[in-house]
Amino acid sequence: MMDSKYAIGNGQNSINKYKIKMKPLPVIFNNSSGPPNAKKIKLNDENRNSTNGHTNNNKPKISIQDQRRNLPVFDKRNKLLELVKRHKTLIILGETGSGKTTQIPQYIHSARLQENGKIGITQPRRVAAVSIATRVAQEFGHGMTVGDTVGYSVRFDDCTSNKTKIKFMTDGMLLREAMYDRLLMEYTVIILDEAHERTIHTDVLFGIVKKAQKTREDRNQTPLKIIIMSATMDVEHFSQYFNNCQAVYLEGRTYPVNINYTIKPHDDYQTSCVATFFKIHREAPSNHDVLIFLTGQEEIEACAQRIRLLAKDPDVQGPSVKCFTLYAAQPSAQQMSVFQPSPPNTRKVVISTNIAETSITIPGIRYVIDSGMVKARTFHPSTGLELLKVQRISHEQAWQRAGRAGRDSEGHCYRIYTRSQFELMKKSTVPEIRRANLLTVSLQLLALGVHANYFDFLDKPPKEATVAAFEQLQLLGAVDDVNSICLTPVGRKMAKFPLDPRFSKIILAAEQYGCLQEALTVVSLLSTESILINPVTKQAEAQKVRQKFCSAYGDLITLLNIYREFEAVGQNNKRIWCHEHFINMRNILHAREIRNQLEQLCKKCDMGAMSSCGGDLDRLRKCLIMGMFMNVAELVRDHQYITLDKKQSVQFHPSSCLHRQQPHLVLFAEVVQTNKCYLRGLTTIEADWLREIVPDYMKSHSLRFNSS
DNA sequence: GAGCACTGC
């Protein structure tokens with residue numbers, strides 16, 4: 001695959017940034033036993049099935065029904081069904097490998113506990129929803145294909161029919177369904193799986209299903225059963241929230257993992273990871289694979305380069321080394337390569353971000369090296385700034401990482417931190433709802449009839465975050481005032497779009513500006529990852545060949561130009577065109593898919609003709625102001641801008657096509673803080689337009705310089 | 001003249 005956003009392979013650029021110590025000093029560990037409450041589970045080496053479709057091929061083949069009977073959950077079948085029958089809400093704590101996700105929906109179905117309704121099971125990730133549904137359909141019976149009794153529903157892919165009784169879906173999908181029917185009458189059983197991950201969607205669903213259950217009960221409607229499935233974390237918290245409901249524990253099938261801590265702290269955790277790898281490499285049999293957790297792409301590529309170099313050193317003992325990297329920005333084909341079994345007498349080492357913590361399971365890992373660090377996004381409601389920061393992981397994450405070594409057999413985990421550093425880490429990861437921008441959630445909740453301030457959250461988000469969100473909703477015209485519990489007609493339409501409310505507003509405004517085609521394109525492009533590829537080695541070339549698309553009006557119009565050209569190219573030439581122009585084919589196709597969905601939603605909202613402004617881009621730029629007027633920056637002195645809203649000092653990001661220019665006013669799509677505060681996704685606008693389009697906002701946010 | 005972890009509708 002060539003559609004990578006980054007140049008991957010020789011990594012020459014990254015390597016120069018890190019000093020290579022050819023012989024890193026050894027890292028010394030004490031050897032301590034596993035987690036304090038580690039349960040030593042008897043080894044039982046047969047037929048583990050995995051939910052991600054990567055089954056172990058060197059095990060003897062046994063029938064699919066025998067595999068089901070061998071799962072730990074099988075023995076508890078009757079007990080579980082009894083509990084599900086007896087309790088309207090049940091928490092199931094299941095360890096990895098218990099089989100809970102694939103089996104429990106089938107048990108419920110075969111006992112007909114769902115009666116005439118459906119069983120809905122949510123997952124935080126699309127791939128999980130699809131692959132689990134496919135697996136369960138296979139198990140379910142002969143000739144059964146996914147989409148019959150067992151189906152799934154994820155964005156852009158609804159594989160259900162009127163026969164579907166067991167429906168796997170993403171948590172975001174169920175949330176969207178709730179906006180059309182807040183009582184979720186389609187379902188008699190709802191299972192929220194992976195609840196411990198606490199995605200923003202699952203957190204909102206906790207409140208939605210709890211309220212739906214209560215309302216249906218009060219109105220004497222068909223009852224709703226709720227099942228919360230989670231790893232073994234903080235049962236009390238969940239149980240209290242669901243009126244002290246019953247919790248049941250399911251044993252898993254994992255193997256003991258020996259935990260090692262360093263004797264002293266290591267600030268240069270990257271070098272220590274490399275050194276630890278070679279310590280393992282010297283001692284362990286060659287078929288024992290190693291997984292290293294680091295924080296980001298650049299760090300991972302640099303570390304891979306060091307390992308590859310050192311492995312060639314004649315002084316280094318041990319088998320040959322096959323080194324893989326793993327992070328989300330990679331093309332999927334490259335991600336898949338980590339599943340290749342290593343050839344004989346070769347050690348496989350995978351260096352990964354936290355994508356390997358939950359999203360991707362690599363079989364055969366015996367050793368985990370945990371740097372103890374993660375890169376995480378934090379949102380500051382007071383400034384509206386998002387900050388991407390390397391920080392320490394939580395205990396939950398540390399155990400999750402360690403567990404990756406114990407999926408196929410007994411394993412080892414080397415933690416590049418001391419026991420006392422570990423004790424200082426946070427017990428659990430702060431749930432997303434407590435560190436995210438709440439604009440979208442607040443709008444969604446209003447569409448469900450609740451004000452975020454009064455919503456029954458499992459964990460309440462910070463007050464400032466909801467205050468900031470409601471101020472913006474009011475400015476966008478979605479509510480009449482910040483305490484309103486109902487949406488304006490505009491707000492109701494905005495909630496129908498699966499977008500940031502600011503972008504929904506742009507689409508709604510496009511009707512009046514006569515630029516719906518262009519607005520849909522720009523918003524779709526803003527809703528995906530970047531379509532531009534900037535390989536480190538061919539950066540100048542990429543910029544030169546794309547020069548013809550650059551607009552003096554800024555980045556968003558430039559993106560529009562690229563998209564228009566992409567659509568004008570014949571179907572058979574698109575791939576080659578993308579390659580020639582350093583455009584990410586996967587991402588631009590994804591933008592097109594989103595654009596189609598948004599266009600359908602416009603028709604549902606009776607938005608009339610698909611108007612186009614053609615070459616009159618002023619209309620589009622004015623339309624963008626309707627949704628993004630809180631994102632205006634004004635030039636104050638040489639290349640220095642301040643935001644109109646929070647008076648932040650900011651600069652244009654060097655990747656912007658306006659980087660060397662100094663327009664008086666710009667709209668920006670986002671502000672990211674790294675070394676400095678940078679604006680990205682720029683569009684130039686006129687002062688007069690602001691006064692004309694958002695006069696009230698401009699009264700409270702006056703410009704320093706009034707000339708254009 | 002810099003560099004972005006991970007999801008989802």
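Model, not experiment: these values are computed from the prediction. A, B, ... follow the sequence lines: proteins, then strands. Residue 1 opens every chain.
- Between Thr353(A) and dC6(B), a side-chain N or O to OP1/OP2 separation shorter than 4.0 Å is present.
- With dT7(B), dA2(B), dG8(B) as the candidates, the nucleotide lying closest to the side chain of Arg126(A) is dG8(B).
- Separating the CD1 atom of Ile594(A) from the P atom of dG8(B) is a distance of 12 Å, rounded to the nearest angstrom.
- Closest to the side chain of His659(A), out of dT7(B), dG1(B), dC9(B), is dG1(B).
- Under 3.5 Å, the side chain of Glu357(A) and the base of dA5(B) form no donor-acceptor pair of N or O atoms.
- The CG atom of Leu526(A) sits 20 Å away from the P atom of dG8(B) (whole-angstrom rounding).
- Judged as a side-chain contact (heavy atoms from CB on, under 4.5 Å), and not counting sequence neighbours, the contacts of Thr164(A) are Thr160(A), Ser161(A), Lys167(A).
- Ring centroid separation for the pair Phe470(A) and His451(A) comes in under the 6.0 Å cut-off.
- Contact annotation: Ser527(A) side-chain N/O to dC9(B) OP1/OP2 distance is not under 4.0 Å.
- Side-chain contact, Asn587(A) with Thr528(A): no donor N or O sits under 3.5 Å from an acceptor N or O.
- Taking side-chain N and O atoms only, Arg176(A) has no distance below 4.0 Å to OP1 or OP2 of dG8(B).
- The distance between atom CD of Glu194(A) and atom C1' of dG8(B), rounded to the nearest whole Å, is 15 Å.
- Separating the CG atom of Leu679(A) from the P atom of dA2(B) is a distance of 15 Å, rounded to the nearest angstrom.
- Per the geometry, CZ belonging to Arg377(A) stands 15 Å off P belonging to dG8(B), to the nearest Å.
- By the side-chain contact (heavy atoms from CB on, under 4.5 Å) test, Val130(A) is found to be paired with Thr134(A), Tyr152(A), Val154(A), residues two or more places apart in sequence or in another chain being considered.
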